[in-house]
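Okay, so here's the structure we're looking at.
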Number of protein chains: 2
Amino acid sequence: MSVQPGYFDQFQHADIDELADAIGDLLQNPITIEDADHKLIAYSSHGESTDLARRSTIMGRRVPEKVLTRLWKDGVFQQLLTKEDPVHIPPKEDIGLGRRVAIAIRKGTDVLGYIWAQEENQPITEKDDEILRQAARVAVPRLVQRQGKRKAEEQRRKEFFWELLLGNHTSESFIKRKAESLQVELPAQYLICVIEAEETRLEQYLYPLLLRDKLLWVMDGAQLILLIGLNSQGGRENALLLRKVEQFLDDSLEKLVDHTPHGKATAGYGKIYSEYSDIVRSYREALHVLEVKRLFFEETRQIKGYHQLGIYRFLRQLKSWSDAEGYVNEQLKTLAAYDQDNQTHLLETLETYLDSAGKVNVAAQHLHIHINTLNYRLRRIEEIIQVDLDDQNQRTSLYLDLKLNKMPDTTGK
Amino acid sequence: MSVQPGYFDQFQHADIDELADAIGDLLQNPITIEDADHKLIAYSSHGESTDLARRSTIMGRRVPEKVLTRLWKDGVFQQLLTKEDPVHIPPKEDIGLGRRVAIAIRKGTDVLGYIWAQEENQPITEKDDEILRQAARVAVPRLVQRQGKRKAEEQRRKEFFWELLLGNHTSESFIKRKAESLQVELPAQYLICVIEAEETRLEQYLYPLLLRDKLLWVMDGAQLILLIGLNSQGGRENALLLRKVEQFLDDSLEKLVDHTPHGKATAGYGKIYSEYSDIVRSYREALHVLEVKRLFFEETRQIKGYHQLGIYRFLRQLKSWSDAEGYVNEQLKTLAAYDQDNQTHLLETLETYLDSAGKVNVAAQHLHIHINTLNYRLRRIEEIIQVDLDDQNQRTSLYLDLKLNKMPDTTGK
DNA sequence: CTGCCTTTTGTGAATTTTCACAAATCGCTG
DNA sequence: CAGCGATTTGTGAAAATTCACAAAAGGCAG
């Protein structure tokens with residue numbers, strides 16, 4: 001089936017449902033048109049469909065969550081968002097989704113919505129793609145009009161969120177009033193999370209997650225900043241809630257790493273607060289986590305929350321104090337000099353040993369050396385820098401100073 | 001032998017040597033008069049003496065070091081400094097010191113010098129004490145006159161030292177010039193040491209140490225502040241020099257503890273510097289050590305030097321920073337609450353375990369519990385506060401926060 | 001090259017730590 | 001008081017650590 005250029009021009013000012021019917025007639029198949037949020041906008045009146053997903057979508061006026069999740073997971077949306085052309089989707093029977101073709105309705109780089117065509121009555125071939133392309137083009141102004149208001153509101157919400165992130169508001173009651181007027185639901189407890197990846201279209205990969213929970217979020221360069229609500233006031237169960245946040249982040253990051261070329265993606269989140277004027281705190285804490293993770297990539301691999309930072313919570317501060325004081329750990333200096341002179345690796349040995357919490361077997365494995373070699377080196381270290389590694393104070397001090405030495409100098413700043 | 005009151009008045013304006021002769025005549029024994037620094041001022045011309053100490057004193061114009069040290073060690077000077085009456089000293093043949101009697105020449109509480117009477121020709125009885133008392137009284141103006149200038153100089157030296165301690169001078173060349181004009185020998189390398197004891201006459205017990213090495217020192221309340229020179233520029237041997245300083249302090253403290261009722265005496269010293277404008281640093285460091293030792297008495301028992309402080313170097317600053325941030329370690333809070341609710345001692349257990357550098361046998365011994373009990377408690381702690389004690393970061397963090405929690409709140413300040 | 005020193009690796013025994021399991025104690029609740 | 005859960009202590013075996021000693025390898029100076 002083919003169509004002459006400009007065929008759809010007649011529907012320019014018609015009802016969008018008529019457009020759906022027109023496409024359906026041409027393709028001889030059921031059609032649905034959705035906005036970017038997968039809300040149903042129009043659907044063709046093509047008789048009874050056997051497709052479960054279609055029925056659910058029409059009944060619920062939105063594509064079911066289960067279907068969306070699956071399509072994101074399978075990368076269908078990633079294709080839709082990046083390609084101009086229609087995407088042919090094989091059937092996914094386990095979620096009641098028959099074979100179909102979809103195309104994004106786009107204006108510039110923005111995706112305004114989607115046209116879905118089921119292959120129920122007859123197959124849709126590559127030649128039919130042109131029909132969908134033209135239909136997508138003619139649908140644009142309707143969606144623009146439709147989304148215009150929604151987008152402006154969204155914009156005002158994001159601005160409000162930025163104000164909160166930057167700590168512009170200190171009055172709780174003011175924040176509550178403004179949130180209400182913007183129809184933003186502020187949770188009783190929350191935390192701020194920042195996800196960072198080199199991928200520029202970061203938010204696209206996370207759309208389903210962002211939309212599903214109606215979260216407050218903004219982009220800032222390569223960072224996605226979002227407010228995660230924790231619907232529970234019992235402080236006791238916070239541990240459980242945090243585990244859910246961790247799970248969410250792990251999922252998101254896994255998704256990002258799969259789709260980014262270099263696979264670099266990190267996330268950090270701040271502490272849980274309930275006063276909204278503390279949003280700025282949670283945000284800064286999240287940023288602090290990211291900063292630490294850049295500096296101590298290996299050491300902080302499994303850290304995402306500010307409350308897990310441990311010594312890294314104050315290491316930056318400690319570094320600037322030490323620099324200002326002109327402090328240098330003479331022991332580490334001595335050890336570094338010894339390494340230099342004798343081509344040994346005592347400094348690395350010491351750090352690995354301390355990182356391994358004093359477990360010699362673990363440390364030896366990390367260093368790829370015999371356990372006796374490690375013990376010999378440790379005794380050597382104790383001799384050279386006159387330290388007693390069984391003294392927790394001395395040990396802690398060395399551990400911290402080793403980490404401090406890895407940080408960039410702050411005096412130049 | 002006795003003497004009428006006012007007998008010595010005739011020597012009021014005579015040469016002090018004549019006074020010595022007069023006493024000698026009355027007691028029929030050799031006499032020496034010394035100033036507070038044990039420099040010889042006068043001696044009776046009573047024939048040849050068999051006493052080795054006397055001969056050495058006269059020949060060297062000062063009491064030999066060996067004799068002084070021994071007399072301090074045996075507590076003779078302590079008696080002389082505290083008692084108004086003459087002190088009868090048994091012979092100490094190993095240092096060539098025959099039997100003798102001595103009395104302090106004092107004006108108010110200040111001791112200006114000493115009169116020594118050997119028992120060579122005939123015994124000196126209790127009845128002769130009055131002679132010595134009167135002689136001591138009449139010797140005062142001569143010694144006052146003699147010491148006036150020296151004392152003024154000493155005063156000016158102390159003032160100079162205070163200026164250095166407070167960092168009033170920043171120009172090295174100025175400091176050097178002023179030191180020279182005051183005849184103060186500044187060592188190439190030095191450190192500042194502060195000794196503190198409840199005993200108010202602290203410096204008296206340490207006189208021999210102070211005088212022997214001609215150190216710069218001042219008293220500040222219960223604190224004795226002194227500058228210790230380290231005559232070596234090779235940075236390599238600093239460890240050895242420091243060990244000597246430690247030895248010196250151990251000796252001094254032992255001496256103090258022996259003589260003070262409650263036995264409280266501590267010392268702290270700063271880092272080694274060579275620029276004299278850094279005296280203020282070394283002094284502040286020494287004070288910092290003392291402050292830390294007050295707060296963490298048990299933990300810092302064997303710490304005296306600033307360089308040994310380890311984590312305590314920055315704990316005070318970290319505390320005030322954490323307080324300002326409103327930081328509280330939720331884990332420790334949880335554990336404390338658990339202890340409260342269940343009458344357990346998990347917090348103490350955790351601290352002891354961490355203090356013991358993770359050695360379970362050591363920690364169990366400290367806590368007087370079975371080793372399995374300790375292991376059980378540790379597993380329990382890991383469960384309750386969701387911590388992995390094999391993770392050095394988490395461990396260190398808990399260790400530091402435990403110490404921080406022991407410090408007084410800084411927000412009230 | 002030899003001799004000397006430092007470092008690495010190997011071996012084996014003594015000691016310590018870890019772990020699983022069981023018994024006893026204790027406080028609390030129905 | 002019986003029963004329950006938390007805690008303490010005991011026992012024994014497996015695993016890890018510590019220690020002493022020895023052999024081998026490597027660099028370096030004479």
Side-chain angles (χ1 to χ4, degrees), chain A residues 236-237 239 331-392 394-396 398-399, chain B residues 236-237 239 331-392 394-396 398-399:
Chain A
R236 204 57 36 190
E237 306 136 29
Q331 296 177 312
L332 295 182
K333 213 169 122 186
T334 305
L335 209 54
Y338 188 92
D339 274 353
Q340 190 70 263
D341 292 350
N342 303 63
Q343 298 292 331
T344 48
H345 306 88
L346 296 187
L347 208 59
E348 184 197 359
T349 303
L350 178 62
E351 180 165 10
T352 308
Y353 171 72
L354 291 176
D355 277 339
S356 310
K359 308 264 175 196
V360 280
N361 52 354
V362 178
Q365 224 161 354
H366 275 290
L367 290 164
H368 308 295
I369 57 173
H370 194 277
I371 196 167
N372 285 5
T373 304
L374 176 58
N375 276 314
Y376 171 75
R377 286 189 187 172
L378 290 175
R379 254 177 296 133
R380 210 72 192 75
I381 290 169
E382 286 187 318
E383 272 175 37
I384 293 170
I385 64 176
Q386 284 294 304
V387 72
D388 175 10
L389 289 176
D390 287 346
D391 180 315
Q392 185 61 24
Q394 295 184 44
R395 205 165 161 156
T396 306
L398 284 176
Y399 176 64
Chain B
R236 204 56 39 190
E237 307 136 28
Q331 295 176 313
L332 294 182
K333 212 168 123 187
T334 305
L335 209 54
Y338 188 91
D339 274 353
Q340 190 71 265
D341 291 350
N342 303 65
Q343 298 293 329
T344 49
H345 306 86
L346 296 186
L347 208 59
E348 184 198 358
T349 303
L350 178 62
E351 179 164 12
T352 308
Y353 171 72
L354 291 176
D355 277 338
S356 309
K359 307 265 174 195
V360 280
N361 52 354
V362 177
Q365 225 160 355
H366 274 289
L367 290 164
H368 308 295
I369 57 173
H370 194 277
I371 196 166
N372 283 5
T373 305
L374 176 58
N375 276 316
Y376 171 75
R377 286 189 188 174
L378 290 176
R379 255 177 295 134
R380 210 70 194 74
I381 290 169
E382 286 187 317
E383 272 175 37
I384 293 170
I385 64 176
Q386 285 293 305
V387 73
D388 177 8
L389 288 176
D390 287 346
D391 179 316
Q392 185 62 23
Q394 296 183 44
R395 204 160 156 161
T396 306
L398 284 176
Y399 176 64

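Lettering follows sequence order; numbering is per chain, from 1.
- Within the structure, salt bridge (charged side-chain N to carboxylate O under 4.0 Å, His left out) pairs that include any residue of residues 368-378 of chain A do not occur (at least two apart or interchain).
- Distance, B/Leu389 CG to C/dT17 P: 15 Å, rounded to whole Å.
- The main-chain N or O of B/Leu389 is never found under 3.5 Å from a side-chain atom of B/Gln394 such that the two would form a donor-acceptor pair.
- Considering CG of A/Leu347 and CG of A/Asp339, their distance stands at 5.5 Å, rounded to 0.5 Å.
- What separates OH of B/Tyr353 from C1' of C/dT18 is a distance of 11 Å, to the nearest Å.
- Within the model, atoms CG of B/Leu367 and OG1 of B/Thr373 stand 10.0 Å from one another, a figure rounded to the nearest 0.5 Å.
- The pair B/Glu382-B/Arg379 fails the salt-bridge criterion, with no side-chain N (NZ, NE, NH1 or NH2) lying under 4.0 Å from an Asp/Glu carboxylate O.
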What is the per-nucleotide protein-contact pattern of nucleotides 3-9 of chain C, from the 5' end, where B denotes a base atom under 4.0 Å from a protein heavy atom, S denotes such proximity for sugar-phosphate atoms only, and - denotes neither? ---SBBB
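- To the nearest angstrom, C1' of C/dT17 lies 13 Å from CD1 of A/Ile371.
- With hydrogens and angles ignored, the 3.5 Å screen pairs no side-chain donor or acceptor of A/Gln392 with any backbone N or O of B/Ser356.
- Heavy atoms from other residues, nucleotides or ligands lying under 6.0 Å from CD of B/Gln340 number 12 at most.
- Straight-line distance from the CG atom of A/Asn375 to the P atom of C/dT15: 18 Å, rounded to whole Å.
- With hydrogens and angles ignored, the 3.5 Å screen pairs no side-chain donor or acceptor of A/Asn342 with any backbone N or O of A/Thr344.
- The CD atom of B/Gln343 sits 16 Å away from the C1' atom of C/dT25 (whole-angstrom rounding).
- Where DNA chain D meets chain B (any atom under 4.0 Å from a heavy atom), the bounding nucleotides read 5' to 3' are D/dA6 to D/dT18.
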